[in-house]
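Inspection log for the structure reproduced underneath, given as structure tokens.
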Amino acid sequence: MPLRVYNTLKKDYEIFSPINESQVGIYMCGMTVQDRPHLGHMRTFLFGDVLRRYLEYKGFEITYIQNFTDIDDKIIEKSRKEGIDWRALGDKNENEYLESAQKLNIKPATYYPRATQFVEEIIEMVQLLIEKGFAYESGGSVYFEVSKFKGYGKLSGKNLEDLKESFRIESDPGKKNPFDFALWKAQKEGEPYWYSPWGKGRPGWHIECSVMSAHFLGQPFDIHMGGQDLIFPHHEDEIAQAEAAHNVQFVRYWIHSAPMLLKGEKMSKSTGLYFAAKELLEQYSPESIRLFILQKHYRSPAEYMQEYLDEAERALYRIKNFLESTPSIENGVVNENYVEKFQRFMDDDLNTPAAVSLIFDLIREGNQKLANGEIPTEEKSTLLLLLEVLGFNISNLSTKKPEVDLIKELMEVILDVRQLLRKNKHFQLADEIREKLEQLGFKIKDTKEGSVFEF
RNA sequence: GGCGACGUAGCCAAGUGGCCUAAGGCGGCGGUUUGCAAAACCGCUAUUCCCCGGUUCGAGUCCGGGCGUCGCCUCCA
């Protein structure tokens with residue numbers, strides 16, 4: 001069965017068919033590392049992870065590129081304000097992203113290119129655009145001349161006339177047209193810089209993605225993903241420069257995920273309205289966050305409230321409970337009926353909420369079998385397959401604590417009881433417990449502060 | 001102002017012309033289990049899909065209008 005996805009470029013569903021038969025290139029527009037990753041980012045990247053896993057499940061080999069844009073106005077501004085080096089700021093946020101992604105069981109990208117590693121190639125591309133007449137230099141900066149690229153607006157559905165009317169921001173005096181965008185920015189006093197044919201400066205936003213995606217995946221490549229908020233201007237501009245420079249289509253399928261909302265507003269770094277991924281992961285299990293996100297379709301804006309994660313946590317508990325109440329199995333036979341439904345839902349523009357509903361259907365059927373004294377091996381092995389493809393970390397889906405923790409907690413209980421016995425002068429029983437524990441290898445010491453043990 | 005998305009049970013949320021007398025989760029209610037509880041499990045929980053018209057043999061699903069919410073229009077995942 002073919003996968004059908006919504007392609008922003010066509011504003012319609014399309015059957016996905018990659019350039020190469022068995023190999024798919026995906027470019028996920030990653031973070032500009034000016035700030036900490038929040039739940040909204042995680043929604044986008046977690047969805048990318050599910051698309052990737054599903055394509056892998058369907059037998060494709062995936063090259064997955066996710067960039068870090070590590071030089072830009074905001075990074076410079078913010079590092080100044082915080083009084084730290086711009087590279088240190090970027091590294092910090094990048095690491096925080098990587099740690100959160102790992103906890104969320106998001107598969108690592110094949111490569112994580114950074115803008116600053118591609119300055120040479122960026123300069124080459126800017127030169128090419130000048131040579132081809134699509135870009136011009138002005139005061140040490142280089143701008144892409146939007147009116148020269150006739151397809152401008154094809155992704156976002158905007159046209160230059162409409163844009164002119166809606167123009168709200170004061171234009172840079174060096175630009176011919178207010179919508180011309182910087183390919184290269186001249187250095188201002190005290191800013192980081194690289195040498196270029198136009199003097200000291202740094203890459204503009206947008207150009208790094210065109211360069212790095214083509215570097216790893218070629219042009220055209222299959223899938224470019226990111227948040228809907230990147231459609232304009234970021235992705236529109238990527239298309240313009242890439243297609244102007246190389247004269248071939250840039251990307252075949254553009255897949256955009258909807259924003260995470262908080263109190264009815266988009267969760268955003270700039271408004272300060274966001275929940276950092278790191279803190280959320282300290283409060284909630286990664287699987288409950290994944291479940292919460294997958295229970296909504298990726299193209300619908302999703303409101304965030306703490307109680308939604310509480311709900312997901314409770315729902316997750318049902319999954320854990322079922323997995324634990326059934327014997328472990330290996331290579332069990334799966335229920336083809338369920339697998340077929342699962343594929344049908346996922347093939348329909350990644351309908352993860354429908355796919356997740358199958359998880360609970362399986363659990364209900366499995367529990368019914370358990371109640372009748374049967375062992376639901378088929379339900380369990382099917383469930384494990386679905387959980388795997390949806391990216392749940394199966395080994396985390398256990399309510400069982402690590403044994404070390406468990407032993408400590410058990411000992412605490414035993415020692416508390418024993419303390420009570422000693423207090424009430426039941427020394428014989430207390431001593432007996434101590435001896436029995438010693439036989440098991442636990443050495444008990446009764447100190448003034450209470451009892452401690454060694455193992 | 002321009003472009004776009006959406007409005008389904010108490011809440012979250014699938015469903016895009018007939019298997020919908022509308023999935024799934026949370027909550028609520030009833031039951032099984034239990035010394036009692038908790039937990040767990042099972043069952044029930046929208047005659048109806050924002051409102052008003054229209055198309056059609058047939059509409060939550062298509063079209064027009066209205067009301068409301070949200071996103072984008074060079075900070076953005």
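By convention in this document, chain letters (A, B, ...) are assigned in the order of the sequence lines, proteins followed by strands, and residues within each chain are numbered from 1. Note that the structure is predicted; figures quoted are calculated from it, not measured.
- Look at NE2 on A/His256: it is 13 Å from C1' on B/C76, rounded to the nearest Å.
- A salt bridge is defined here as a Lys NZ or Arg NE, NH1 or NH2 lying under 4.0 Å from an Asp or Glu carboxylate O, and A/Lys369 with A/Glu379 meets this definition.
- Rounded to a whole Å, the NE2 atom of A/His235 is 11 Å from the C1' atom of B/C76.
- A straight line from NZ of A/Lys296 to P of B/G15 spans 14 Å, rounded to a whole angstrom.
- Positionally, the nearest nucleotide of RNA chain B for A/Phe345 lies more toward the 5' end than for the other of A/Asp229 and A/Phe345.
- Only at 4.0 angstrom or more do the heavy atoms of residues 92-114 of chain A sit from any atom of RNA chain B, so none qualifies.
- Base pairing of B/G28: its partner is B/C44, meeting the Watson-Crick or G-U wobble criterion (both donor-acceptor distances under 3.5 Å).
- A/Glu243 and A/Lys154 are joined by a salt bridge, as a carboxylate oxygen and a charged side-chain nitrogen come within less than 4.0 angstrom of each other.
- Rounded to whole Å, the separation between the C1' atoms of B/G71 and B/G15 comes to 23 Å.
- Here the nucleotide nearest the side chain of A/Ser357, chosen from B/C12, B/A23, B/U74, is B/A23.
- Taking the P atom of each, B/C52 and B/G60 are spaced 13 Å apart, rounded to whole Å.
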Scoring nucleotides 31-38 of chain B by protein non-hydrogen atoms under 4.0 Å (B base, S sugar-phosphate only, - none) yields --------
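- Listed nucleotides: B/A14, B/G43, B/U74. Nearest to the side chain of A/Gln368: B/G43.
- Among the heavy atoms of the strands lying under 4.0 Å from A/Lys158 is at least one base atom, whether or not backbone atoms are also near.
- Note on A/Gly30: only backbone sugar-phosphate atoms sit closer than 4.0 angstrom, heavy atoms only; bases stay farther off.
- Among the protein residues, A/Phe181 comes within range of no part of the nucleic acid, since none of its heavy atoms lies under 4.0 Å from any strand.
- Distance from the side chain of A/Lys74 is smallest to B/C75 among B/U74, B/C70, B/C75.
- Take A/Asp180 and apply the side chain to side chain contact (heavy atoms under 4.5 Å, CB included) test, not counting sequence neighbours, and it matches A/Tyr136, A/Tyr143, A/Glu145, A/Val146, A/Lys175, A/Lys176, A/Asn177.
- B/G66 sits 33 Å from B/A23 when the P atoms are compared, rounded to a whole Å.
- The separation of B/G17 from B/U56, taken at their C1' atoms, amounts to 9 Å, rounded to a whole angstrom.
- Between the side chains of A/Gln228 and A/Ser257, not a single donor N or O lies within less than 3.5 Å of an accepting N or O.
- Within the nucleic acid shown, A/Gly226 comes within 4.0 Å of sugar-phosphate atoms alone, with no base atom in reach, counting heavy atoms only.
- Atom pair A/Phe144:CZ and B/U74:P shows a separation of 18 Å (rounding to whole Å applied).
- For A/Trp205 and B/C76, the shortest distance from a side-chain N or O to OP1 or OP2 is below 4.0 Å.
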With side chain to side chain contact (heavy atoms under 4.5 Å, CB included) as the test, would you mind laying out the steps for A/Glu238 and A/Leu155 before giving the verdict? CA-CA 10 Å; A/Glu238 280 184 49; A/Leu155 180 73; over 6 Å; no
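- A/Arg344 places its CZ atom 12 Å from the C1' atom of B/G15, with the value rounded to the nearest Å.
- In this structure, A/Phe144 and A/Phe134 have parallel ring planes: the angle between them is below the 30° cut-off, well short of the 60° mark.
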Give each protein N/O atom lying under 3.5 Å from an N/O atom of nucleotides 59-64 of chain B, with the pair distance.
none

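- In summary, the aromatic rings of A/Phe221 and A/Phe216 are positioned with their centroids too far apart to meet the 6.0 Å limit.
- Using a 4.0 Å heavy-atom criterion, one finds that A/Phe322 contacts no nucleic acid atom at all.
- Using modelled atom types, one side-chain atom of A/Thr110 and one backbone atom of A/Tyr64 make a donor-acceptor pair closer than 3.5 Å.
- Taking atom CD on A/Gln228 and atom P on B/A5, their separation rounds to 11 Å, with Å as the unit.
- No donor-acceptor contact under 3.5 angstrom links the side chains of A/Tyr13 and A/Asp348, judged on distance only.
- One side chain, A/Asp237 or A/Tyr152, offers a donor N or O that lies under 3.5 Å from an acceptor on the other.
- For the C1' atoms, the distance from B/U55 to B/C63 is 7 Å, rounded to whole Å.
- A/Ser300 comes within 4.0 angstrom of the backbone, heavy atoms only, and of no base.
- B/C6 sits 13 Å from B/C50 when the P atoms are compared, rounded to a whole Å.
- The nearest whole Å value for the distance from the NZ atom in A/Lys369 to the C1' atom in B/C41 is 17 Å.
- In this structure, A/Arg87 pairs ionically with A/Asp85, as a charged nitrogen and a carboxylate oxygen lie closer than 4.0 Å.
- When the C1' atom of B/U74 is taken as reference, atom CD1 of A/Ile207 falls 16 Å away, rounded to whole Å.
- Using a 4.0 Å cut-off between charged side-chain N and carboxylate O, A/Arg202 and A/Asp73 make a salt bridge.
- Only the P atoms considered, B/U16 is 12 Å distant from B/U61, to the nearest whole Å.
- Each salt bridge (charged side-chain N to carboxylate O under 4.0 Å, His left out) pair with one or both residues in residues 106-119 of chain A, not counting sequence neighbours, appears once here: A/Glu56-A/Lys107, A/Glu94-A/Arg114.
- Comparing B/G27 with B/A9, their C1' atoms are spaced 12 Å from each other, to the whole Å.
- Summarising the local packing, CG of A/Leu160 is surrounded by more than 12 heavy atoms from other residues, nucleotides or ligands at distances under 6.0 Å.
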Review item, nucleotides 25-27 of chain B N/O atoms under 3.5 Å of protein N/O:
from  : atom 1 : to       : atom 2 : distance (Å)
B/G25 : OP1    : A/Arg318 : NH1    : 2.9
B/G25 : OP1    : A/Arg364 : NH2    : 2.9
B/G25 : N2     : A/Glu311 : OE1    : 3.3
B/C26 : O3'    : A/Arg314 : NE     : 3.0
B/C26 : O2'    : A/Arg314 : NH2    : 3.3
B/G27 : OP1    : A/Arg314 : NE     : 3.1

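- Toward the 5' end of RNA chain B, the nearer of the two residues A/Gly157 and A/Asp180, judged by each one's closest nucleotide, is A/Gly157.
- With distances taken from any side-chain atom of A/Asn351 to the nucleotides B/U74, B/C76, B/A14, the minimum falls on B/A14.
- A/Arg314 CZ to A/Leu291 CG: the interatomic distance, rounded to the nearest 0.5 Å, is 12.5 Å.
- Residue contacts shown for A/His297 are limited to sugar-phosphate atoms, with no base heavy atom under 4.0 Å away.
- Across all strands shown, A/Met305 has no heavy atoms under 4.0 Å from either base or sugar-phosphate atoms.
- Of the candidates B/A14, B/G71, B/C73, the closest approach to any side-chain atom of A/Phe232 belongs to B/C73.
- Close placement of the A/His206 and A/Phe181 rings is indicated, their centers lying within 6.0 Å of each other.
- A/Pro259 comes within 4.0 angstrom of a nucleotide base, judged by non-hydrogen atoms across all strands.
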A/Leu384 vs A/Leu323, test: side chain to side chain contact (heavy atoms under 4.5 Å, CB included). Steps then yes/no. CA-CA 9 Å; A/Leu384 289 174; A/Leu323 290 175; 3.9 Å; yes
